[in-house]
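If you're wondering where the values come from, they're calculated on a predicted model, not measured in any experiment.
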Amino acid sequence: MPDTAALLLAAGESRRMGVTKALLPWKGVPLLDHQITALGRAGIDTVIVVLGHHADDLEAVIGSRPGVTAVVNSDYAQGKTTSIKAGLRALPDGLTSSIVILNVDQPRESATIQTLLRRHREAQALITIPTYQGKGGHPIVVDYSLLDDLLAVDEDTQGLKALVRRNEDRSQRIEMAADVLWDLNTPEEYQQALGP
């Protein structure tokens with residue numbers, strides 16, 4: 001998947017979880033490590049990890065991996081849109097295809113990401129959103145032509161939701177498995193996702 005990049009948002013304070021979510025164990029590795037690996041296995045060569053809270057601890061997990069760049073969003077406490085913009089500003093020149101946006105606390109397998117990207121390209125959609133039983137999930141895939149619109153998102157206008165609404169006619173929703181809704185905000189949600 002040439003010219004496709006991912007923004008992995010890992011700047012939050014994890015207040016409801018009580019511990020740094022990006023460091024939670026997931027399939028034998030820290031969640032941050034799992035997410036970077038899944039994005040790479042899905043064929044994404046450029047991963048921008050946006051850090052904020054406990055940035056030093058998370059940079060140690062990232063290490064030096066080809067195609068992975070860590071950027072620190074000093075304004076992370078102002079909301080997720082500031083992290084999206086910090087990640088976008090770190091994108092390499094020459095990107096012409098798609099941007100995958102995923103939060104670190106939304107564990108996804110590489111096959112899910114691959115399928116989403118393939119369907120996005122086939123439909124030539126501006127935005128592709130995975131769903132389960134009609135409810136929108138993540139990651140979201142956005143065509144690079146919307147870069148300026150992405151750079152303009154802010155918390156006051158509901159961020160990505162407003163962008164999706166404005167481009168509803170060129171967006172598609174893909175029904176997938178229940179894990180596209182996983183969002184690990186609390187210890188209970190984390191345990192439920194881990195399963196028995």
Side-chain angles (χ1 to χ4, degrees), residues 1-12 22 32 34-52 62 65-73 75-76 79-131 136-155 157-174 176 180 182-183:
M1 282 147 225
D3 302 326
T4 298
L7 304 184
L8 182 58
L9 309 180
L32 176 59
H34 172 272
Q35 296 284 64
I36 293 170
T37 300
L39 289 163
R41 286 183 179 158
I44 299 172
D45 296 322
T46 300
V47 178
I48 308 295
V49 184
V50 184
L51 306 176
I62 297 167
R65 304 183 197 206
V68 180
T69 302
V71 298
V72 177
N73 171 22
D75 296 324
Y76 69 89
K80 191 177 297 180
T81 57
T82 65
S83 289
I84 291 171
K85 290 191 258 194
L88 292 171
R89 287 191 289 269
L91 288 173
D93 292 335
L95 187 70
T96 57
S97 180
S98 307
I99 302 165
V100 175
I101 302 173
L102 181 62
N103 297 318
V104 74
D105 61 354
Q106 298 167 331
R108 302 296 183 260
E109 297 303 317
S110 57
T112 298
I113 300 165
Q114 267 183 326
T115 298
L116 205 56
L117 283 168
R118 178 177 52 79
R119 297 283 298 275
H120 180 77
R121 286 194 314 274
E122 288 172 354
Q124 298 183 339
L126 286 181
I127 301 171
T128 299
I129 301 168
T131 63
H138 293 88
I140 293 174
V141 185
V142 180
D143 189 82
Y144 187 73
S145 66
L146 291 176
L147 178 63
D148 289 341
D149 298 82
L150 278 171
L151 284 165
V153 297
D154 60 44
E155 299 300 314
T157 58
Q158 294 190 301
L160 286 178
K161 289 180 181 177
L163 180 67
V164 170
R165 280 196 300 271
R166 284 197 308 273
N167 294 281
E168 198 70 54
D169 59 329
R170 294 277 316 275
S171 299
Q172 67 169 342
R173 297 176 184 268
I174 308 293
M176 300 184 79
V180 300
W182 284 353
D183 202 345

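The side-chain heavy atoms of T4 and R121, taken from C-beta on, include no pair separated by under 4.5 Å. Annotation: side chain of L160 is in contact with side chain of L150 (closest heavy-atom distance under 4.5 Å). Here the side chains of V68 and L8 are not in contact, with every heavy-atom distance at 4.5 Å or above. Annotation: side chain of H120 is not in contact with side chain of V100 (no heavy-atom distance under 4.5 Å). Side-chain contact between I44 and L117 is present, with heavy atoms from C-beta onward closer than 4.5 Å. Contact of the Q106 side chain with the L9 side chain is not registered, since no non-hydrogen atoms from C-beta on lie closer than 4.5 Å. Residues V142 and D149 have side chains not in contact (no heavy-atom distance under 4.5 Å, counting atoms from C-beta outward). Contact annotation: the side chain of L91 approaches that of I99 to within less than 4.5 Å [non-hydrogen atoms, C-beta and beyond].
Not a single donor-acceptor pair under 3.5 Å links the side chain of Q35 to the backbone N or O of L102. Side-chain N or O atoms of R108 include one that pairs as donor or acceptor with a backbone N or O of H138 at under 3.5 Å. Judged by distance alone, the side chain of R170 and the main-chain N or O of Q124 form a donor-acceptor pair under 3.5 Å. Using a distance-only test at 3.5 Å, with no hydrogens or angles considered, a donor-acceptor pair links the side chain of D143 to the main chain of S145.
Of all the heavy atoms in S171 and V164, the pair that sits closest is OG-O, 4.2 Å. Residues M176 and P130 approach most closely at SD-CB, 3.7 Å, considering heavy atoms. Nearest heavy atoms, I127 versus I140: CG2-CG2, 3.8 Å. Of all heavy-atom pairs between K85 and D154, the closest is NZ-CB, 4.3 Å. Considering every non-hydrogen atom in both L51 and I62, the closest pair reads CD1-CD1, 4.1 Å. A pairwise comparison of heavy atoms in V50 and G87 identifies CG2-CA, 3.6 Å as the closest pair.
Rounding to the nearest 0.5 Å places CD1 of I174 at 10.0 Å from CD1 of I129. Of the inter-residue distances, the one linking R173 atom CZ with E168 atom CD reads 5.0 Å to the nearest 0.5 angstrom. Rounding to the nearest 0.5 Å gives a distance of 12.5 Å between CD1 of I101 and CD1 of I48. Rounding to the nearest 0.5 angstrom, the gap separating the CG atom in L32 from the NE2 atom in H34 is 11.5 Å. Note that the CG atom of D45 and the CG atom of L39 stand 11.5 Å from one another [nearest 0.5 Å].
By the neighbour-count criterion of 12 heavy atoms within 6.0 Å, atom CZ of R166 is densely surrounded, having more than that number from other residues, nucleotides or ligands. For CG of D169, the number of neighbouring non-hydrogen atoms (other residues, nucleotides, ligands) closer than 6.0 Å is greater than 12. Counting heavy atoms of neighbouring residues, nucleotides and ligands inside a 6.0 Å radius, atom CZ of R41 does not exceed 12 of them.
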Begin from the C-alpha positions of R89 and V71 and carry the test side-chain contact (heavy atoms from CB on, under 4.5 Å) through to its verdict. CA-CA 10 Å; R89 287 191 289 269; V71 298; over 6 Å; no
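For S83, the side-chain hydrogen bond (donor to acceptor under 3.5 Å, both in side chains) partners are N73, not counting sequence neighbours.
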